[in-house]
Amino acid sequence: MKLIFRIFLTAILVMLISRFMKGVYIDNFITSLIVAIVLGLLNIFIKPVLVLLTLPVTIFTLGLFLLFINAAMILLCSKIVGGFRVDSIWTAMLFSIMLSILQSIMYRLAGDDR
């Protein structure tokens with residue numbers, strides 16, 4: 001049940017951010033649900049591999065390179081999901097930061113933090 005709650009909350013946040021942020025376009029709520037699911041799957045399967053492969057760069061930049069990895073996950077999701085588009089890597093980075101912060105706040109308010 002927690003997983004479904006998290007997916008729906010992420011989908012709502014994706015819709016909300018896309019409404020207020022230029023450079024991020026999403027068609028409808030069903031597309032935002034698909035984006036939430038695909039982002040979750042990318043973060044489970046692809047992101048750990050990228051983090052491991054770029055570990056020296058991440059250590060050298062004191063972890064700031066992880067922001068680019070998160071932006072790459074957003075851009076990859078926009079290539080996979082039709083109806084979801086992000087204009088640039090900088091937009092994807094800002095989208096990723098905003099989504100992470102809002103997810104953290106909403107999960108804490110809902111009592112679903114880890």
Cluster question for you: counting only ILVMFWY and a side-chain heavy-atom cut-off of under 4.5 Å, with indirect links fine, are Phe45 and Leu53 together? no

May I ask whether Ile46 and Val49 are part of the same hydrophobic cluster, defined by side-chain heavy atoms of I, L, V, M, F, W, Y residues being less than 4.5 angstrom apart, directly or through others? no

Are Trp90 and Phe95 near enough that their ring centres are under 6.0 Å apart? no

Are Leu39 and Leu99 packed together at the side-chain level, in the sense that at least one heavy-atom pair is separated by less than 4.5 angstrom? yes

Just wondering, do Leu50 and Met73 contact through their side chains at under 4.5 Å, heavy atoms? yes

Would you give the length of the straight line joining atom CD1 of Ile69 to atom CG of Leu76, rounded to the nearest 0.5 angstrom? 13.0 Å

Could you tell me if the side chain of Arg85 sits less than 4.5 Å from the side chain of Ser78, heavy atoms only? no

Taking the side chain as everything from C-beta on, heavy atoms only, tell me whether Ile17 gets closer than 4.5 Å to Val24. no

Roughly how far, to the nearest 0.5 Å, is the CG atom of Leu16 from the CD1 atom of Ile26? 11.5 Å

Assigning hydrophobic clusters by single linkage (Ile, Leu, Val, Met, Phe, Trp, Tyr; side-chain heavy-atom cutoff under 4.5 Å), is Phe5 placed with Ile12? yes

Tell me if the CZ atom of Phe8 is crowded by more than 12 foreign heavy atoms within 6.0 Å. no

So Leu9 and Gln103, side-chain contact (heavy atoms from CB on, under 4.5 Å) or not? Walk me through it. CA-CA 8 Å; Leu9 188 59; Gln103 278 179 330; over 6 Å; no

Counting only heavy atoms not in Phe29, do more than 12 sit closer than 6.0 Å to its CZ atom? yes

Taking side-chain contact (heavy atoms from CB on, under 4.5 Å) as the criterion, tell me which of Ile30, Ile74, Val81 meets it with Val35. Val81

Would you say that Leu42 contacts Ile80 through its side chain, given a criterion of any heavy-atom pair below 4.5 Å between the two side chains? yes

Check the hydrophobic clustering (I, L, V, M, F, W, Y; side-chain heavy atoms under 4.5 Å; chains of links allowed) and say if Leu66 and Leu52 are grouped together. no

Using only atom types and a distance under 3.5 Å, with no angle test, would you say the side chain of Thr91 pairs donor to acceptor with the backbone of Asp87? no

Using every non-hydrogen atom in the two residues, find where Ala11 and Ala36 come nearest and quote the distance to one decimal. N-CB, 3.9 Å

Specify the closest pair of heavy atoms between Ala92 and Ala71, including all atoms of both residues, with the distance to one decimal. CB-O, 3.7 Å

Partner residues of Asp27 under the side-chain contact (heavy atoms from CB on, under 4.5 Å) criterion, sequence neighbours left out: Thr31

Is it possible for you to say whether Tyr25 and Leu13 belong to one hydrophobic cluster, with membership spreading through side-chain heavy-atom contacts below 4.5 Å? no

Can you check whether Thr54's main-chain N or O pairs, donor with acceptor, with Thr58's side chain at less than 3.5 Å? yes

With rounding to the nearest 0.5 Å, note down the distance linking CE in Met21 to CG in Leu94. 3.5 Å

Kindly indicate, with the supporting measurements, whether the criterion side-chain contact (heavy atoms from CB on, under 4.5 Å) is fulfilled by Tyr107 and Thr10. CA-CA 10 Å; Tyr107 292 160; Thr10 301; 3.3 Å; yes

